[in-house]
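In this chain, numbering begins with 1 at the start of the sequence shown.
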Amino acid sequence: MHDRGEREVRLTRRSVVVRGIVQGVGFRPFVHRLATGLALGGFIRNRTGSVQIEVEGPGSILDDFMSRLVAQAPAHASIQGIEAVDGPPVGGGGFRIEPSVDPSGPEAVQLSPDLATCDDCLAELFDPANRRHGYPFISCTQCGPRLTVITAVPYDRERTTWAAFPMCALCRADYDDAGGRRYHAQGNACAACGPRVSLRGVACEDPIHKAASELRGGRIVAVKGLGGYHLAVDATREHAVGELRRRKHRDEKPFAILASADRVAKLCHVSPGEWGLLQGPQRPIVLLRRRSDAGVAEAVAPGSPRLGVMLPHAPLHHLLIRAMGDAPLVMTSGNRSDEPIAFEDADAVERLSGIADHFLVHDRPIHLRCDDSIAQATENGVQVTRRSRGFAPATLPLPTNCRRPVLALGGHLKSTVAFGMGRRALLTHHLGDLHDHRAYRAFADSISHYENLFAIVPAALAHDLHPDYASSVYARERSLRDGLPCVGVQHHHAHMASCMVENGLNEPVIGVTFDGSGYGPDGAIWGGEFLVGDLRSFRRAAHLRYVPLPGGERAIREPWRMALSHLIDAGESTSLIDVRKRPAEVRIVRSLIEKRLCAPPTSSVGRLFDAVGSLAGLRDRASFEGQAAMELQWAAERAEADGAYPFDSSPDGVIDTRPIIAGVAADTRRGAPVPDIARRFHSALVKIIETVCARIRNTTGHRKVVLSGGVFQNGLLSGETTSRLAARGFEVYTHRLVPPNDGGLALGQLAIAAKRDGDES
Ligand code: ZN
Ligand code: ZN
Ligand code: FE
């Protein structure tokens, strides 16, 4: 028998610091429930980049608390580190949530991304008996906007755009109810106290139903969402979608669609992996294979076998789709052609009034502009091609240490920037293409916002070697202004490093980087590169043969120019092009090529896709970069023939593309089906990669291959390359959550700068 009196219960007070995504995900309420359930005393509070917990009770129960803290953490929390120190008890009753400590100290702040409406809130939204029935801003600790509404850290209501909406008594009670889903939910609100929706300039009972009936009548409605305005139109109405294209000055680039899950299943073929992406809390636009009887207007995605589709991510979108009687909506970013998406009300009205017939708005400000994310499921798994709403600002682990804070400025198109602190990297949301001054200002503003929000003071900068990229200009100006050291990083080395970071590699690898263009140190435009190196340095082991890029940027919009360039390079007859273009036009471009005027040499695989697409007769003009490459991929997927065009690769590392061009030209002349040409071209690229990687392995012994660059968004190419290389004993690494295109550059630049910075110390 035990003598209970001897078993004195010794109390301990344990101080715990938890780092990771622990703010804005219901972490404090969770800890409160856990501690209270175990009858522990103490408190929890948010600090700048972590939460601080003190718990007091018997040692064995504290251990139980610690293991449940990790095992039962809220779904959207991501615990990246826990430190615990035991001390003497101080007493003082139950467990409390204490006010946040003011931001101070150098800790890396981590914030939750915006989260799609959760199932519990959704059930309430459509429950007529619930007091938040039909309320378009319903949310809880597990869902709702975060990054787009926060104005400063720590994440508390007074530092968000919810601050202007004092809670009513009922909401206050929910907020204070330790057992409920809205305990300390910063975005807690209801129809009585929270933001309201209206149809601008139209007095009506139910603005969402009114907007839906206007949409069903073929009108264009600007809809204020989480991260900015969308332009919406009924996706089944050909005329209305065409009108949106005309007013938005957008030729052929596909529009995304918003639809219910039921409707998506009717529109597209959806694999289990694709359902996972569609229904994830990030709710990206997912590229799906459309059904032949999809029933959306042809103008939504002209000529495309794919549709970009997203499920509703906010209550307003759920209500709008329901009010549409489940008809799908085109939901495209609220801007004219390539400007930044509008997110401030006055600016949106000014910029979009020539496009939208109506504005479905609300009175809660959006603090940060954030576009929709885009993703696809490939043979290699999930691939995010635009990492934005729902993904940013989740941080990524770095395989190298950032000794001091580094800001990496990325590229010029599909811009993102990255901040490095210690072993973590923060890759921002999509900041857009930087070709006009409005975009540049938005870029600079976003950098300031992140620096303020996350209390980061960069001590070094990293940028692309291209002197004319707006991001390089920013780096030069910032470096002068703040006296910061600058690290210039070669474009394809950054691509390679980006894929290494994502896969936790910090060792020598073979980097296959295929893209449209990147500045080469030799003055050429690189884009078909086999690099060998690590995070510190690289050498160029092989590349595609140089051909002139006639007219620089214009060659991207006019793929026939690259076709002509490759034909001349291969010593082939140019008759295939001559018969399609006006003689004067051909003469001018031919003389650019022959005299090497405005025709820098390029090894770009992206431009080789353009040339082959044009030769095969797919298109001579592109309305966006990569259009010809996408169409070649789709064509290859329909092919019945097999085989591959020949190529030569000399031991000096130059891969001769002339036999490929000769093969394409011969097939085209004899009238071979486009899908067969596309198929043989893809197979040639896979063989090139296989052959060159094998040769590099023979001389270096390296077996790890990373695939990066925008060309690897081509799921057919990346899938087949991966399986061929794996069959030959290579370890192949690809992108998943970091875009393979220039949206991932900043992350690679960051790792390289950190590595080099570390060397100097
Ligand atoms: Zn919720
Ligand atoms: Zn309320
Ligand atoms: Fe690139």
Worked check of side chain to side chain donor-acceptor pair (under 3.5 Å) between Asn401 and Lys755: CA-CA 7 Å; Asn401 185 39; Lys755 191 81 179 170; over 6 Å; no
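Ion pairing of Asp742 with Lys414 is absent here, as no side-chain N (NZ or NE/NH1/NH2) approaches a carboxylate O to less than 4.0 Å. Using a cut-off of 4.0 Å between Lys/Arg side-chain N and Asp/Glu carboxylate O, Glu585 and Arg580 are scored as not salt-bridged. One finds a salt bridge joining Glu625 and Arg607 here, because a Lys/Arg side-chain nitrogen approaches an Asp/Glu carboxylate oxygen to under 4.0 Å. A salt bridge is absent between Glu690 and Lys687; no separation between the charged side-chain nitrogens and carboxylate oxygens falls under 4.0 Å. The residues Asp642 and Arg679 are annotated as not salt-bridged, no charged nitrogen and carboxylate oxygen being separated by less than 4.0 angstrom. Residues Arg670 and Asp667 are paired through a salt bridge, judged by an N-O separation under 4.0 Å between the basic side chain and the carboxylate. With respect to Glu594 and Arg587, no salt bridge is recorded, no charged nitrogen being found less than 4.0 Å from a carboxylate O.
Checked by atom type, the side-chain pair Ser573/Ser575 shows a donor-acceptor distance below 3.5 Å. For the residue pair Ser708 and His735, a side-chain donor N or O sits within less than 3.5 Å of a side-chain acceptor on the partner. Between the side chains of Thr722 and Asn380, a donor-acceptor pair is found at a separation under 3.5 Å. Checking Ser537 against Arg756 by side-chain atom types alone, no donor-acceptor pair falls below 3.5 Å. With hydrogens and angles left out, the side-chain atoms of Asn503 and Lys704 include no donor and acceptor closer than 3.5 Å. Defined by atom type and a distance below 3.5 Å, a donor-acceptor pair is present between the side-chain atoms of Arg590 and Thr574. Inspection of the Ser718 and Glu379 side chains reveals no N or O donor paired with an N or O acceptor under 3.5 Å. Checked by atom type, the side-chain pair Gln713/Gln383 shows no donor-acceptor distance below 3.5 Å.
Side-chain contact between Val512 and Cys693 is present, with heavy atoms from C-beta onward closer than 4.5 Å.
The main-chain N or O of Leu716 is found under 3.5 Å from a side-chain atom of Asn714 such that the two form a donor-acceptor pair. A donor-acceptor contact shorter than 3.5 Å is absent between the side chain of Gln749 and the backbone of Val489. Looking only at distances, a side-chain donor or acceptor of Asn741 sits under 3.5 Å from a matching main-chain atom of Gly743. Of the possible polar contacts, one joining the Ser723 side chain to the Glu720 backbone as a donor-acceptor pair under 3.5 Å is found.
Contact detail for Ala542 and Ile655: the closest heavy-atom pair is CB-CD1, 4.3 Å. Nearest heavy-atom pair across Ala611 and His566 is CB-CD2, 3.6 Å. In plain terms, the two heavy atoms of Ala475 and Leu461 that are nearest each other are O-CD1, 3.6 Å.
Screening Ser614, Pro548, Pro550 for a side chain to side chain contact (heavy atoms under 4.5 Å, CB included) with Arg561, the sole residue that qualifies is Pro550. Here the rule is ring pair (Phe, Tyr, Trp, His ring centres under 6.0 Å) with His412, and of Phe443, Tyr440, Tyr469 only Tyr469 fits it.
Residue pairs meeting the ring pair (Phe, Tyr, Trp, His ring centres under 6.0 Å) criterion with at least one partner in residues 602-659, sequence neighbours excluded, are Phe609-Phe681, Phe609-His682.
Using bins of under 30°, 30° to 60° and over 60° for the plane-to-plane angle, the ring pair His495/His491 lands in the perpendicular bin.
A cation-pi arrangement is absent between Arg540 and Phe530, since the terminal nitrogen or guanidinium carbon is not both under 6.0 Å from the aromatic centre and inside a 45° cone about the axis.
For His493, the ring pair (Phe, Tyr, Trp, His ring centres under 6.0 Å) partners at least two apart in sequence or on another chain are Phe538. With sequence neighbours excluded, the residues forming a side chain to side chain contact (heavy atoms under 4.5 Å, CB included) with Pro659 are Pro646, Asp648, Asp656, listed by chain and number.
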